[in-house]
Structures are given as C-alpha cells and as structure tokens.
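Single-structure report; data block below.
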Amino acid sequence: MKLADLATGSDWIVWIVFVLFVVLSIILLSGHGSWFISGYNTASKEEKEKYDEKKLCRTMGIGMSIIAILELTMGLFENILPAFFAYIALGIILVDVVVIIILGNTLCRK
C-alpha cells in the first residue's frame with residue numbers, strides 16, 4: 001500500500017499547504033513575522049524583552065522549513081512512499097515541534 005492510496009482529497013490542497021509553509025518560513029527566516037508566533041505576539045512588552053526576536057523568528061522559520069520539506073517530499077513521492085510514511089511524518093513533525101519549543105525557551109532568551 002502506497003501513501004497515495006490513503007489520500008482521498010485533491011492534490012492541490014497539498015500544494016497550497018506547502019506554499020503556505022514556504023511563505024511563512026521565508027518571512028520568519030528573514031527575522032520578521034514575530035506576529036505569527038503564538039504567545040510572543042500577545043506577550044507584554046516586559047516579557048518580549050526577555051527574548052531575542054530575530055533568533056526566535058529564525059528558530060521558528062527553520063522548524064517551519066522542516067515541515068515544508070516534509071510536505072514537499074510527501075507530495076512529490078506519494079506514489080513511491082509506503083503508507084506507513086504517514087506515521088513517520090507525524091513523528092518528525094512532533095519531534096520538530098518539541099525541539100522548536102525547547103529552543104524557543106532556551107536558545108532564544110537574552
């Protein structure tokens with residue numbers, strides 16, 4: 001069973017999600033777009049001063065890039081990849097999110 005056998009929706013949805021992640025990654029990697037970071041955009045000024053905004057944006061951008069690359073891989077190779085790759089992708093995304101949270105709260109502090 002291939003990954004394509006599990007897909008029931010249109011392929012264009014995969015590409016829209018990929019483009020969305022790429023655009024968000026580019027904005028965040030450029031050091032801008034802190035308003036996209038949940039929690040940071042609603043933090044008080046005193047709380048925001050505890051973080052290096054550019055480092056935080058770049059950390060989030062790298063994490064989003066990993067998810068975008070994973071989405072691209074799944075979109076391009078859905079006829080080749082086995083169905084269990086969906087579980088592998090889910091695991092990669094969960095690890096990525098945990099690493100982003102840890103780095104955001106440690107590396108990105110001033």
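The structure displayed is predicted, hence computed values, not measured ones.
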Minimum side-chain heavy-atom gap [X]-[Y] below 4.5 Å:
X   : Y   : value
L56 : D52 : no
T42 : W35 : no
L70 : F21 : no
L6  : M1  : yes
N41 : F36 : no
M64 : L28 : yes
N79 : K2  : no
L29 : S65 : yes

Hydrophobic cluster membership, with links at side-chain heavy-atom distances under 4.5 Å among I/L/V/M/F/W/Y: are [X] and [Y] in one?
X   : Y   : answer
W15 : I80 : yes
V99 : L24 : no
L90 : I13 : no
I92 : V95 : no

Query raised in the report: Okay, side chain of N105, backbone of I101: is any donor-acceptor separation there less than 3.5 Å?
Result: yes

Heavy-atom pair with the smallest gap, counting every atom of [X] and [Y]:
X   : Y   : value
F85 : L81 : CD2-CD1, 3.6 Å
K54 : G31 : NZ-O, 4.0 Å
S25 : G61 : OG-O, 3.7 Å
G33 : I27 : CA-CG2, 3.7 Å

For the atom pair [atom1] ([X]) and [atom2] ([Y]), what is the distance rounded to the nearest 0.5 Å?
X    : Y    : atom1 : atom2 : answer
C108 : I102 : SG    : CD1   : 12.5 Å
Y51  : L107 : OH    : CG    : 12.0 Å
K55  : M60  : NZ    : CE    : 13.5 Å
H32  : R58  : NE2   : CZ    : 9.0 Å
I93  : I67  : CD1   : CD1   : 5.5 Å

Requested in this report: Please say whether the positively charged group of K48, taken as NZ for Lys or CZ for Arg, lies over the ring of Y40, i.e. under 6.0 angstrom from the six-membered ring centre and within 45 degrees of the axis.
Outcome: yes

Query raised in the report: For the side chain to side chain contact (heavy atoms under 4.5 Å, CB included) test, which of I69, L3, I88, V14 pairs with M74?
Result: L3

